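As structure tokens, the structure follows; a few thoughts come after it.
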Amino acid sequence: MIDQLLEFYYKYDMFQEGYLPKERAREIYKLLLDRGRLHIYQNAGELLGYGESWRINYEQFGRIICGQNLYNHLEDEDISTGNIAYLANVTIHPDWRSGAVLSILRNNFFTKNYSCDYFVGH
């Protein structure tokens, strides 16, 4: 799965200002998978899209709003228990950007974060 996520990151995520080195990106995807913070849609084992959400607190949200990049030290951040559901990233294969994939990822985001008080993203 991590190899497919890496391929998506470098091939289809056009909103990055700069791409991470491959080993760091691999570490981040592993951390996100281990913490259950990825929403993944596959068809026959092929990744068609994914979303990344964090459960953060007010202090973390403030740092994000002020431009701090939490990815730099993500392993030190609690992204699993806050009351703010933050949609950090969504990437969908270009052939599947309209229709079911986005709807399924959106529903998974709200289901996984149902107990949050706030839902934010860009």
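Quick note: residue numbers are just sequence positions, from 1. Hydrogens, waters and symmetry mates play no part in the numbers below; they use all other heavy atoms, side chains included. All figures in this text were calculated on a predicted structure; none of them were measured in a lab.
- Ring geometry for Y19 against Y9 counts as perpendicular: the plane angle is over 60°, on a 0 to 90° scale with 30° as the lower cut.
- Between F109 and Y86, the shortest heavy-atom contact is CE1-C, 4.4 Å.
- Within the model, atoms OH of Y71 and CZ of R24 stand 10.5 Å from one another, a figure rounded to the nearest 0.5 Å.
- The residues K30 and E27 are annotated as not salt-bridged, no charged nitrogen and carboxylate oxygen being separated by less than 4.0 angstrom.
- Salt-bridge formation is detected for the pair R26/D3: a Lys NZ or Arg NE/NH1/NH2 atom is positioned less than 4.0 Å from an Asp or Glu carboxylate oxygen.
- Taken to the nearest 0.5 Å, the CD1 atom of I56 stands 12.0 Å off from the OG atom of S80.
- Atom CE of M1 sits about 4.5 Å away from atom CD1 of I40, to the nearest 0.5 Å.
- No donor-acceptor pair closer than 3.5 Å links the side chain of Q60 to the backbone N or O of I79.
- Looking at every heavy atom in both residues, N113 comes nearest to S53 through ND2-OG, 3.2 Å.
- Here the CG-NE2 distance, from N107 to H39, works out to 11.5 Å after rounding to the nearest 0.5 Å.
- No option in Y50, Y12, Y41 other than Y12 meets the side chain to side chain donor-acceptor pair (under 3.5 Å) test with H93.
- Formation of a donor-acceptor pair under 3.5 Å by the K112 side chain with backbone atoms of G36 is found in this model.
- Checking side-chain atoms of R97 against main-chain N and O of I92 turns up a donor-acceptor pair under 3.5 Å.
- Q4 and L47 get closest at one heavy-atom pair: OE1-N, 2.6 Å.
- Distance CG/L20 to CG/N69: 7.5 Å, rounded to 0.5 Å.
- Residues N83 and Y58 approach most closely at ND2-OH, 3.4 Å, considering heavy atoms.
- Of all heavy-atom pairs between A25 and L6, the closest is CB-CD2, 3.5 Å.
- Taking the side chain as every heavy atom from C-beta outward, L33 and L5 approach each other to under 4.5 Å.
- A distance of 11.0 Å separates CD1 in I28 from CG in L38, rounded to the nearest 0.5 Å.
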